[in-house]
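First the structure, in the form of structure tokens, and then the observations on it.
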2 protein chains.
Amino acid sequence: MAVTPRPYHHGNLRVALLEQAERTLADGGDLSLRELARQIGVSHAAPRRHFAGKQALLDALAEDGFERLGTELRGALADADGFDARLLAFARAYVQFATEHAALLELMFAGKHRPGAAPSLRAAADRAFETPLALIVEGQAGGDVAPGDPERVGMVAFAAAHGIAALANNQMLGDFDLDDLVENAVERLILGLRPR
Amino acid sequence: MAVTPRPYHHGNLRVALLEQAERTLADGGDLSLRELARQIGVSHAAPRRHFAGKQALLDALAEDGFERLGTELRGALADADGFDARLLAFARAYVQFATEHAALLELMFAGKHRPGAAPSLRAAADRAFETPLALIVEGQAGGDVAPGDPERVGMVAFAAAHGIAALANNQMLGDFDLDDLVENAVERLILGLRPR
DNA sequence: ACCTGAACACCGTTCAAGT
DNA sequence: ACCTGAACACCGTTCAAGT
């Protein structure tokens with residue numbers, strides 16, 4: 001047994017901080033930088049070598065979140081054929097990610113609009129939303145969705161998915177089954193998006 | 001001129017705290033209890049006589065917010081005739097309140113799902129949402145909305161309004177005109193809600 | 001290069017004490 | 001009844017100093 005009584009410390013404090021932060025976030029904790037350092041076994045000033053401040057750590061977490069969301073969305077759409085099934089798959093995947101990582105999602109959106117947010121954060125967010133945007137374009141090409149700027153036309157669908165996720169995370173859905181609500185909403189959106 | 005050199009203090013610290021908190025919130029400030037007390041000219045422990053803690057003050061703020069939202073929604077619907085116009089009026093009023101009071105709205109929804117939140121907070125929220133719910137019931141009676149549990153059927157519309165407001169508050173609407181997006185979303189929702 | 005330890009200016013909450 | 005002032009246990013951030 002090597003003794004290693006807190007040697008000089010870590011080879012990878014940066015990722016250790018991010019992982020511990022994610023765990024705390026998932027547990028509903030309060031994400032204090034000092035507490036994070038304590039849990040990892042490092043002085044409270046050590047994180048400063050790796051993150052300019054607390055906000056920088058939060059931004060890194062949010063950026064990772066957008067990348068994972070993008071991956072989930074791409075994966076969900078890869079398994080679905082036809083516009084209706086693909087819209088449902090998108091909505092399900094979005095709501096599932098949002099409810100499984102409620103605190104992270106809040107952080108992702110709170111971070112995105114911060115004035116001094118890193119361009120890489122915004123880029124990661126844009127990449128995550130490429131998939132649903134492409135879905136609307138597809139739908140237009142196949143005659144399932146009314147013509148027009150795809151962002152403008154598809155906004156109602158994205159907003160509804162985001163809204164259902166937000167309402168679910170705030171316990172505003174009462175006794176309703178989340179998946180049933182998503183299905184129902186998607187049915188109505190499919191009708192509403194059609195060309196007239 | 002009466003001198004009143006900080007007499008013994010205030011007749012109405014409770015409302016003074018709430019008003020100052022609302023101002024700070026609207027200015028994008030951080031809402032520290034000590035700072036609030038400082039601005040009002042009272043010791044940092046004085047608020048304790050009126051609010052059990054910081055969270056209790058936030059809950060009171062949220063409750064007031066739901067009451068004001070309810071008033072806005074009722075007022076908006078009172079001026080609109082016909083289901084389509086009324087749904088548009090609701091969506092506009094909701095999005096306007098949400099974007100005009102972005103920080104307050106966040107607080108309102110964050111407070112609602114807190115385990116120990118006061119029943120009066122939940123009641124105020126329910127009252128605010130009575131109006132849109134009644135609108136769906138009206139729409140069903142008039143043949144504009146598909147039958148079924150009105151909460152379930154109307155959820156897509158409420159979620160879309162909430163989602164658009166959330167996206168607007170997070171600067172996710174790009175160059176789009178907010179009112180144009182709301183109008184477009186409502187048009188699609190009207191189609192999607194119809195009985196088939 | 002990477003980390004520590006002390007310091008600074010804040011928090012929210014509690015509690016004896018004042019009027 | 002209502003408020004004060006000191007105290008406690010925390011924060012985030014900064015910075016000289018250590019290895």
Side-chain angles (χ1 to χ4, degrees), chain A residues 2-25 27-62 103 106-107 110-111 114-118, chain B residues 2-25 27-62 103 106-107 110-111 114-118:
Chain A
V3 186
T4 49
R6 328 248 167 118
Y8 194 33
H9 263 313
H10 263 273
N12 227 341
L13 182 52
R14 197 194 134 91
V15 326
L17 281 165
L18 286 173
E19 285 174 1
Q20 184 61 45
E22 178 104 33
R23 247 170 283 147
T24 305
L25 206 59
D27 293 352
D30 260 348
L31 221 55
S32 132
L33 222 46
R34 286 179 104 110
E35 178 64 22
L36 245 44
R38 227 174 276 131
Q39 287 166 333
I40 292 175
V42 90
S43 94
H44 65 263
R48 252 301 161 111
R49 287 294 129 186
H50 302 277
F51 297 102
K54 185 181 185 176
Q55 191 59 59
L57 185 145
L58 297 182
D59 283 358
L61 232 35
E106 220 168 305
L107 213 155
R114 261 196 30 264
Chain B
V3 186
T4 50
R6 328 247 166 121
Y8 193 33
H9 262 312
H10 264 272
N12 228 340
L13 182 51
R14 198 194 132 92
V15 326
L17 281 165
L18 286 172
E19 284 173 2
Q20 184 62 44
E22 177 104 33
R23 248 170 283 147
T24 305
L25 206 58
D27 292 353
D30 261 347
L31 223 53
S32 131
L33 223 47
R34 286 179 105 110
E35 178 63 24
L36 245 43
R38 227 174 277 133
Q39 286 165 334
I40 292 175
V42 88
S43 93
H44 64 265
R48 253 300 163 112
R49 287 296 128 185
H50 303 277
F51 297 101
K54 186 182 185 177
Q55 192 58 59
L57 186 145
L58 297 182
D59 283 358
L61 232 36
E106 221 168 304
L107 213 153
R114 260 196 30 263

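Keep in mind it's a predicted model, so treat the numbers as computed, not measured. Per chain, numbering begins at 1; letters A, B, ... match sequence-line order. Side chains are part of it too, since the values below use all heavy atoms of this structure and drop only hydrogens, waters and symmetry mates.
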(message) Quick one: does any side-chain atom of R14(A) pair with a main-chain N or O of L18(A) as donor and acceptor, under 3.5 Å?
(response) no

(request) Just compare dT14(C), dC3(D), dT13(C) and give me whichever is closest to any side-chain atom of K54(B). (result) dT13(C)

(message) On DNA chain C, does the nearest nucleotide to G53(B) precede the nearest nucleotide to R49(B) from the 5' side, or the other way round? Give the residue.
(response) G53(B)

(request) Would you kindly give the CD-to-P distance between Q39(B) and dC11(C), to the nearest whole Å? (result) 10 Å

(request) From the options dA7(D), dC3(D), dA6(C), select the nucleotide whose nearest atom is closest to the side chain of H44(A). (result) dA6(C)

(message) Expressed as a whole number of angstroms, how long is the span from L13(A):CG to dA1(C):P?
(response) 17 Å

(message) Rounding to an integer number of Å, can you tell me how far N12(B) CG sits from dC3(D) C1'?
(response) 15 Å

(request) Output the single nucleotide from dT4(D), dC11(D), dT13(D) whose closest atom is nearest the side chain of E35(A). (result) dC11(D)

(message) From CZ of R34(A) over to C1' of dG5(C), roughly how many Å is that when rounded to an integer?
(response) 10 Å

(request) Take atom CG of L17(B) and atom C1' of dC2(D), then tell me their distance rounded to the nearest Å. (result) 13 Å

(message) Please name the nucleotide paired to dC10(D) by Watson-Crick or G-U wobble geometry with both distances under 3.5 Å, or report none.
(response) none

(request) Name the closest nucleotide to the R38(B) side chain, picking from dT4(C), dG5(D), dC11(C). (result) dC11(C)

(message) Could you tell me how far apart F51(B) (CZ) and dC3(D) (P) are, to the nearest whole angstrom?
(response) 12 Å

(request) Please state whether the phosphate of dC3(D), meaning OP1 or OP2, lies under 4.0 angstrom from any side-chain nitrogen or oxygen of S43(B). (result) no

(request) Let me know the distance between CD of Q55(A) and P of dG12(D), rounded to the nearest Å. (result) 12 Å

(request) Hunt down the Watson-Crick or G-U wobble partner of dA1(D), both distances under 3.5 Å, from any strand shown, or write none. (result) dT19(C)

(request) Drop me the distance from H50(B)'s NE2 to N12(B)'s CG, to the nearest 0.5 angstrom. (result) 8.0 Å

(message) How many whole angstroms separate atom CG of L33(A) from atom P of dT4(C)?
(response) 13 Å

(message) Heavy atoms from C-beta onward define the side chain here; which of dT4(C), dG12(D), dT13(C) lies closest to that of R48(B)?
(response) dT13(C)

(request) Measure the spacing between CG of L107(A) and CG of L31(A) and express it to the nearest 0.5 Å. (result) 7.5 Å

(request) Compare side-chain N and O positions of S32(A) against OP1 and OP2 of dC10(D) and report whether any pair is under 4.0 Å apart. (result) no

(message) Using modelled atom types and a 3.5 Å cut-off, is there a donor and acceptor pairing between side-chain atoms of R38(A) and backbone atoms of V42(A)?
(response) no

(message) As a test of understanding, state which of L61(A), L17(A), D27(A) forms a side chain to side chain contact (heavy atoms under 4.5 Å, CB included) with E22(A).
(response) L61(A)

